[in-house]
Amino acid sequence: MKSSSVAVTGFRRRFFSGVSDRQWSDWRWQLRHRLRNRADLERMLVLSAAERSALERSGGGLPVAIPPYYAALMNPDDPLDPLRRTLVPVVGEWQGGVGEAADPLHERRDTVVPGVIRRHPDRVVLLATGVCASYCRYCTRSRLVGGRERLTGHWEGALTYIAAHPEIRDVLISGGDPWMVSTRRLDHLLTRLRAIPHIELLRIGTRMPMVLPMRVTGKLVAMLRRYQPVVVSLHATHPAELTPEAMQALARLADAGIMLAAQTVLLAGINDSVAILRELFQQLLCNRVRPYYLYQCDPIPGSAHLRVPVDAGIALVERLSGEVSGLALPRYVIDAPGGGGKIPVGPVTWVGREPGRILLRNPHGQIFSYPDPP
Ligand SMILES: *Cc1c(COP(=O)(O)O)cnc(C)c1O
């Protein structure tokens, strides 16, 4: 890595002083040295009571995993630090809320063969793996990631299913995080998918460019570009994730001609403000990443403390739409409980009808009349 942020440099000096640049920039070294439990976290962060008691509960829950690189971006003294809240559990996770479910989107029901979720005729989600570099506390697949469900040895069956359905044109490789798979094995998977004549588009969903940008090696990028068109859909949460390291990773992907899109989950106290979202979306765009979806947080068990009321989400989106380019504005969606798919929600802009005209409301609340052809 060329340069790194001041926070990262100070953190390295303090906790990993004997570690060479080469080790620090090696994604496998970062994975091996992830913070996994209370003892690891306590060494580097001043834990709050809510964090400590969540970490003391053992077994059954969503695992904890934080690469040292990402831990370096967290404020060690502030439990409300936004990046910290995405990965460090709090007791709220153990408190059930109304309407919560382990599988709110009914993905199990829409699983056609192990690891393939199909809700649309033309595109499927392929869960390449069940593991991630880090575990987001609001993960929509918290039911299965991090070893909570078995997800191995299913690729052959998935490929057979996709090959047998010529109406599928688009495969969204997700997980878990597909980039946890070695570049060699991923290369093999993409070769097999590209050998299926009806597959037009390959998409890969990952949070690695934000939590572990070291994963974006020259070798990974050179491999990916052999399978174009490839869209990398990255999970970005907060503008503080756009460090020099992350920006370099995005530039490598963009320079290889890989289309970049971003998905963001709206999270209470983490990114639910106009200023933060504006900065995130604008900076993503400047790094050649098109903000694609802003998700309402799914009602997984223990998510109440992270979910924003939909009315508040719509108000945020309305204010944003008056302030940034349409290119920087993702579509705000609710992935419908019960498997209805992503449903856009947003400010009401179509407010009435007059003879031969419709009435429209702009983001500033002004009403305009448009002559509607009969
Ligand atoms: C999100 C999703 C897709 C992809 O939807 P796009 O709107 O094309 O990005 C496909 N299948 C499932 C099951 C999904 O959840």
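Every number for a ligand or one of its atoms is a count from 1 in the order of the listing.
- Taking only nitrogen or oxygen atoms, main chain and side chain alike, D170 does not reach within less than 3.5 Å of ligand 1.
- When heavy-atom distances to ligand 1 are checked against a 4.0 Å cut-off, H120 comes that close only through its side chain, counted from C-beta outward.
- Between K342 and ligand 1, an N or O atom pair is found at a separation short of 3.5 Å.
- Looking at R123 next to ligand 1, an N or O pair under 3.5 Å apart turns up.
- Close approach to Y293 involves these atoms of ligand 1, each under 4.0 Å from a residue heavy atom: 6 (P), 7 (O), 9 (O).
- Residues R34 and S134 share a closest heavy-atom pair of NH1-N, 4.4 Å.
- E156 has a carboxylate O that lies under 4.0 Å from a charged side-chain N of R192, or vice versa, which qualifies the two as a salt bridge.
- Y70 and H238 have their aromatic ring centers separated by at least 6.0 angstrom.
- Contact annotation: R118 has no heavy atom less than 4.0 Å from any atom of ligand 1.
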**Asked** Hey, mind stepping through F281 and L327 against side-chain contact (heavy atoms from CB on, under 4.5 Å) and telling me if it holds?
**Response** CA-CA 9 Å; F281 298 147; L327 278 171; over 6 Å; no
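- The R119 neighbourhood of ligand 1 comprises atoms 13 (C), 15 (O), with distances under 4.0 Å to a heavy atom of that residue.
- Less than 4.0 angstrom separates some heavy atom of R203 from each of these atoms of ligand 1: 4 (C), 6 (P), 8 (O), 9 (O).
- Among all heavy-atom pairs drawn from L285 and P291, the shortest one is CD1-CD, 4.3 Å.
- For atom 12 (C) of ligand 1, the closest non-hydrogen atom of the protein is V125 CG2, 3.4 Å.
- Below 3.5 Å of separation, one finds an N or O of Y292 facing an N or O of ligand 1.
- Contact annotation: for R331 versus ligand 1, there are no heavy atoms closer than 4.0 Å.
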**Request:** For salt bridge (Lys or Arg N to Asp or Glu O under 4.0 Å), just list the numbers for D177 and R207, CA-CA rounded to whole Å, side-chain angles, deciding distance to a tenth of an Å, and then say yes or no.
**Result:** CA-CA 7 Å; D177 196 313; R207 199 182 171 194; over 6 Å; no
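- Residue-level proximity to ligand 1 for L172 is carried by the side chain, the only part with a heavy atom below 4.0 angstrom.
- Closest approach of A256 and Q228 over heavy atoms only: O-NE2, 3.3 Å.
- Here the closest non-hydrogen pair linking A65 and L87 is O-CD1, 4.2 Å.
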